[in-house]
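Before any comments, here is the structure.
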Protein chains: 2
Amino acid sequence: EEEKKKLLLTLKGKENITLDGQKILLYANIGNIKDLAAVMQNDAGGIGLFRSEFIYLEQDHYPTEEEQFRIYKQAAETMAGKRVIIRTLDIGADKQCDYFEMEKEENPALGCRAIRICLTRPEIFKTQLRALFRASAYGKIAIMYPMITSVGEVRQIKAIVEEVKASLAEQGIEYGNPEQGIMIETPAAAIISDELAKEVDFFSIGTNDLSQYTLAIDRQNTKLDPFFDPHHPAILRMIQMVVENAHKAGIWAGICGELGADQELTKEFLAMGVDELSVSPGSILPLRKIILETNVAEYKAGKKC
Amino acid sequence: EEEKKKLLLTLKGKENITLDGQKILLYANIGNIKDLAAVMQNDAGGIGLFRSEFIYLEQDHYPTEEEQFRIYKQAAETMAGKRVIIRTLDIGADKQCDYFEMEKEENPALGCRAIRICLTRPEIFKTQLRALFRASAYGKIAIMYPMITSVGEVRQIKAIVEEVKASLAEQGIEYGNPEQGIMIETPAAAIISDELAKEVDFFSIGTNDLSQYTLAIDRQNTKLDPFFDPHHPAILRMIQMVVENAHKAGIWAGICGELGADQELTKEFLAMGVDELSVSPGSILPLRKIILETNVAEYKAGKKC
Ligand SMILES: [Mg+2]
Ligand SMILES: [Mg+2]
């Protein structure tokens with residue numbers, strides 16, 4: 001174990017590049033600002049998923065614009081020019097926040113959650129967007145919207161973003177120009193990813209929710225384990241489709257769900273042309289090791305036999 | 001209203017054929033044996049969805065093989081050679097049956113329901129299959145399995161069916177040879193419908209559940225109506241894909257969800273090559289009217305302009 005750790009440390013500072021020269025980004029998922037240290041220690045190329053909901057879940061009131069701004073700015077500055085992808089509020093389902101006073105739902109995973117809350121209660125959304133746009137002046141922040149199902153939703157978001165920018169400009173408040181992407185975590189989004197790709201700067205595939213909906217299986221319901229196949233061909237086909245549609249539109253596509261760290265699939269993801277894997281900080285160096293030992297062309301040829 | 005009814009009655013006995021000669025089957029959905037009268041009155045070509053769960057929900061004990069056999073036999077005999085597609089037990093989610101003593105689930109729609117209950121408790125499943133195979137000797141019964149997500153599940157079902165047939169044969173009990181199909185109502189099933197088509201005799205697309213999972217929206221949660229688009233392009237693309245995959249494998253594909261009766265989509269379904277629409281009895285003649293007035297080639301040409 002000690003030895004393994006040492007071996008991994010020798011990988012720090014190296015590029016994520018295969019034997020035949022294919023590069024991939026290895027980013028980190030974080031659920032708290034305190035995780036930034038682990039991100040740096042494990043040599044992440046950036047933050048691929050900053051779960052902003054912790055800011056809401058740790059408090060007993062709606063976080064103010066200033067509270068949020070300080071946290072996003074700190075992340076941007078700490079990462080010093082590296083990309084920091086911040087996901088907007090993703091509560092609902094198994095993550096509940098009392099002061100939102102949400103009604104109880106029969107099927108919370110198929111309920112009012114994430115972007116649906118933000119579009120239903122735009123004042124909460126605008127506060128977060130103001131903080132994000134302001135913090136973007138201090139580093140390479142990207143904004144990511146969760147639980148998208150349609151082009152219409154993306155256009156609604158864009159309209160709200162324009163309002164927020166106009167209001168910041170009018171008030172003479174400095175703001176940046178972050179990339180804006182969406183999570184692909186509903187089957188609908190995967191299937192119309194060709195249309196969605198024309199609207200955004202990047203995709204990040206959320207394999208946990210995508211698998212849950214595609215297989216119609218609550219991931220938290222262990223009774224259904226016999227029916228749950230994390231490598232189900234429908235999931236892998238959707239990932240492939242999303243990556244292809246992204247590339248056709250000239251944008252990049254990553255994976256930020258658990259599947260991204262699944263070492264049995266790393267070669268497969270390289271073969272699919274996935275541009276980024278965002279994983280827990282501790283998974284970065286083990287994945288780099290696999291990538292450095294992979295020949296993608298050989299892997300593809302082997303699959304055809 | 002009176003006049004409209006009379007007009008529709010003139011359509012009885014007519015074929016479901018478009019102006020340019022394309023035929024489609026119009027079948028009826030029924031939720032009780034008492035609905036058979038309405039099926040005949042409305043000139044259905046068959047029963048496309050016989051919801052067998054009513055037999056379970058109306059009682060306070062597990063229905064016996066004999067109780068079920070009598071009901072399936074009656075349906076088969078009443079329909080006199082017309083196809084009667086009986087869906088195996090589809091409880092769970094919003095349809096609960098106390099004596100099954102199912103545990104409460106956080107997200108019942110993503111829970112232990114339908115075929116998952118049958119595969120987890122094969123004795124219940126076998127009782128129903130015995131009744132269905134026996135009744136198949138008395139008419140054109142077809143069996144349809146709900147909530148399929150994988151080829152593995154279909155193979156499990158086939159193994160159980162073989163056991164049931166062997167046991168009937170051994171006991172010298174007469175049984176028929178029903179067609180066996182599956183519902184396509186999970187995104188997973190739609191996406192691997194090319195693989196599934198090799199395993200079964202037909203597909204019936206359950207658009208209610210398929211939409212619910214594809215859009216990650218509980219259909220019963222009216223708060224989400226602003227986010228629910230019944231004509232979402234992802235749903236229509238999946239239907240198209242399923243029909244194409246069915247035809248490539250030489251099997252037929254129908255629709256038995258609410259969308260099947262959506263008159264705004266009838267021409268579209270004809271253009272897609274859908275082979276069957278199964279709807280509530282009262283929707284059959286209105287759909288026949290549209291079909292008789294449609295020129296599919298013209299409709300397709302019009303779309304391209
Ligand atoms: Mg998610
Ligand atoms: Mg269903």
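Residue numbers start from 1 in every chain, and the chains themselves are labelled A, B, ... in the order their sequence lines are given, proteins ahead of strands. Computed from heavy atoms alone, side chains included, the values below leave out hydrogens, waters and symmetry copies.
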Seminar exercise, completed: If one checks every heavy atom of B:L215 against chain A at 4.5 Å, the contacting part turns out to be both
Exercise. Heavy-atom count around B:E58 CD within 6.0 Å, excluding the residue itself: above 12?
Worked result: yes
Problem set entry | Contact origin within A:Q212 toward chain B - heavy atom pairs under 4.5 Å | both
For this session: Using a 4.5 Å cut-off on heavy atoms from C-beta on, say whether the side chain of A:N221 contacts that of B:E105.
Result: yes
Problem set entry | Which atoms of A:R116 approach chain B - backbone, side chain, both or neither, heavy atom under 4.5 Å | both
Seminar exercise, completed: Residue from A:I217, A:T214, A:V151, A:D94 scoring the most non-hydrogen pairs under 4.5 Å with chain B is A:T214
Exercise. Heavy atoms under 4.5 Å from chain A: which residues of residues 186-203 of chain B carry them?
Worked result: B:T186, B:P187, B:A188, B:I191, B:I192, B:D194, B:E195
Problem set entry | Non-hydrogen side-chain atoms of B:E106 and A:Q220 separated by less than 4.5 Å | no
For this session: Select, from B:H232, B:K223, B:R113, the one with the greatest count of heavy-atom pairs under 4.5 Å involving chain A.
Result: B:H232
Exercise. Any idea which heavy atoms bring B:A109 and A:L110 closest together, and the distance?
Worked result: CB-CD1, 3.7 Å
Exercise. Hey, does B:S150 have a side-chain heavy atom less than 4.5 Å from the side chain of A:D229?
Worked result: no
For this session: Under 4.5 Å, heavy atom to heavy atom: which of residues 243-262 of chain B reach chain A? Give them by number, or say none.
Result: none
For this session: Give a yes or no on this: more than 12 heavy atoms of other residues, nucleotides or ligands lie within 6.0 Å of atom CD of A:E103.
Result: no
Exercise. For the atom pair OG1 (B:T149) and CZ (A:F227), what is the distance rounded to the nearest 0.5 Å?
Worked result: 8.0 Å
Seminar exercise, completed: Applying a strict 4.5 Å limit to non-hydrogen atoms, the region of B:M238 in contact with chain A is side chain
Exercise. What part of A:M147 gets closer than 4.5 Å to chain B, counting heavy atoms only: side chain, backbone, both or neither?
Worked result: side chain
Exercise. Do A:N107 and B:P108 have side chains that get closer than 4.5 Å, going by heavy atoms?
Worked result: yes
Problem set entry | CG-SG distance between A:D218 and B:C112, expressed to the nearest 0.5 angstrom | 12.0 Å
Exercise. Relative to chain B, which of A:P233, A:S211, A:G111 shows the most heavy atom pairs under 4.5 Å?
Worked result: A:G111
Exercise. Should we count CG of A:D98 as having more than 12 external heavy atoms under 6.0 Å?
Worked result: no
